[in-house]
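Take a look at the structure below.
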There are 2 protein chains.
Amino acid sequence: MNEADEKVGELEEALRARGVRMTRQRAALLTVLANAEDHPDANELHRRAREIDPSVSLATVYRTLSLLQDQSVVQRHVFEGAPARFETADAPHHDHIIDLDTGDVIEFCSDRIERLQAEIAAEHGYEVVHHRMELYCRKKG
Amino acid sequence: MNEADEKVGELEEALRARGVRMTRQRAALLTVLANAEDHPDANELHRRAREIDPSVSLATVYRTLSLLQDQSVVQRHVFEGAPARFETADAPHHDHIIDLDTGDVIEFCSDRIERLQAEIAAEHGYEVVHHRMELYCRKKG
DNA sequence: TGACTTCTTGCAAATCATTCTCATAATCAA
DNA sequence: TTGATTATGAGAATGATTTGCAAGAAGTCA
Ligand SMILES: [Mn+2]
Ligand SMILES: [Mn+2]
Ligand SMILES: [Zn+2]
Ligand SMILES: [Zn+2]
């Protein structure tokens, strides 16, 4: 709650510096995002934001998420057969394992895979702008 | 045109054997799919199927695609910000490079990445049921 | 602290891909 | 052919996301 609050302050500053107006609803959503340890979807973010400011509408949640995505503050992920999920973009790059039974999302990163991806793209005359890698898994045993 | 027609015949047989009724519209869609060398979406498949049988409706295209997916005859891919795309499932497993400028889709497969993915899942106590890997790229130079 | 300009918001209606409902038509085994 | 079962077309319904618009806030500068 301390680290996250600090994060919120920094984000508000950074955004203001970039000419983004800091409204009540944007601040609420930033707080929710900074405190989220999971990968909530727009509805869940709306639910959490309302706890801080009951006036926040779902439309504004979507609008703010787009804004924050443009500002590289959040990342949007669309996993199979589910609405988009969001997380702050401050963590280093990683990909996801999705537990097919529980819906749990686990993060991982493999430098070797990242390197191989770049190699493969290069072999085809391309450079990777961004990529998506999701492992849909089931517990072993 | 020969190879594809052969493929259609085999598919029709295989499906009939599994108790699937072979209707005019299903045959049309199978022909379209067997002849497709790209990754068309439902609308494009509908357009092509109508050239064979003008009565085919979009609803039936969707219904048939679901059926064929259940029968492991087609695979559905949902790339970023676009409707689902389809391809026959007869080719061996591969992943995709998407050209951000042209929309072109290029296929590739890396055994090393596939192996690493399995390893990573295992490290977390999981086994990969299926995965998704897409490289969104731009031409180099 | 106003007054002003420019952006934001909430609400409801619009989109868009996909799915579903239902009355009618087609498949296929007998 | 017949009959039981399943598929189809048309259009309405869905669900996530976006948008238009009138009303409300933010930031700026006196
Ligand atoms: Mn993550
Ligand atoms: Mn492919
Ligand atoms: Zn990665
Ligand atoms: Zn793969």
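Keep in mind that what you see is a predicted model, and the values were worked out from it rather than measured. Within every chain, numbering begins at 1; the chains are lettered A, B, ... in the order of the sequence lines, protein sequences first and strands thereafter. Atom set for the values below is all heavy atoms of this structure, side chains included, hydrogens, waters and symmetry mates excluded.
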Self-check item: Nucleotide of C:dT9, D:dA10, C:dG10 approaching B:A59 most closely (side-chain heavy atoms)
Solution: D:dA10

Self-check item: Salt-bridge present (A:E51, A:R47; N to O < 4.0 Å)
Solution: yes

Quiz item: Do B:E119 and B:R115 sit within salt-bridge range, that is, some charged N less than 4.0 Å from a carboxylate O?
Solution: no

Self-check item: Interatomic distance, B:D53 CG vs D:dA7 C1' [rounded to whole Å]
Solution: 13 Å

Quiz item: For residues B:E134 and B:H77, is any side-chain donor paired with an opposing acceptor at under 3.5 Å?
Solution: no

Practice problem: Tell me whether the OP1 or OP2 atom of C:dG10 has a side-chain N or O from A:T60 closer than 4.0 Å. | Solution: yes

Exercise. Specify the separation, in whole Å, of atom CD of B:Q69 and atom C1' of C:dT18.
Key: 13 Å

Quiz prompt | Value in whole Å for how far the P atom of C:dT18 lies from CD of B:E44 | solution = 14 Å

Exercise. To the nearest Å, give me how far apart CG (A:L67) and C1' (D:dT18) are.
Key: 15 Å

Practice problem: Mark yes when over 12 heavy atoms from residues, nucleotides or ligands other than B:E37 sit less than 6.0 Å from its CD; otherwise mark no. | Solution: no

Quiz item: Does B:R138 CZ have over 12 foreign heavy atoms under 6.0 Å away?
Solution: yes

Practice problem: Quickly work out the B:D41 CG to C:dA17 P distance and round it to whole Å. | Solution: 8 Å

Quiz item: Can you tell me if the side-chain N/O atoms of B:S55 get under 4.0 Å from OP1 or OP2 in D:dG9?
Solution: yes

Exercise. Could you state the atom-to-atom distance from CG of B:L29 to P of D:dG9 in whole Å?
Key: 11 Å

Quiz item: Between B:R76 (side chain) and B:Q69 (backbone), is there a donor-acceptor pair under 3.5 Å?
Solution: no

Quiz item: Roughly how many Å is it from CG in A:L58 to P in C:dA12, rounded to a whole number?
Solution: 13 Å

Quiz item: When the distance from NE2 of A:H46 to C1' of D:dT17 is rounded to whole Å, what number comes out?
Solution: 14 Å

Quiz item: Between B:Y62 and C:dT19, does any side-chain N or O lie under 4.0 Å from OP1 or OP2?
Solution: no

Exercise. Indicate, with a heavy-atom threshold strictly under 4.0 Å, whether B:R63 touches base, sugar-phosphate, or nothing.
Key: base

Could you list, one pair per line, each protein nitrogen or oxygen that sits under 3.5 Å from a nitrogen or oxygen of nucleotides 26-30 of chain C, together with the distance?
unit_1 : atom_1 : unit_2 : atom_2 : d
C:dT27 : O2     : B:R21  : NH1    : 2.8
C:dT27 : O2     : B:R21  : NH2    : 3.4
C:dC28 : OP1    : B:M22  : N      : 3.1

Quiz item: In terms of side-chain heavy atoms, does A:H130 have a donor or acceptor partner in A:Q75 at a distance below 3.5 Å?
Solution: no

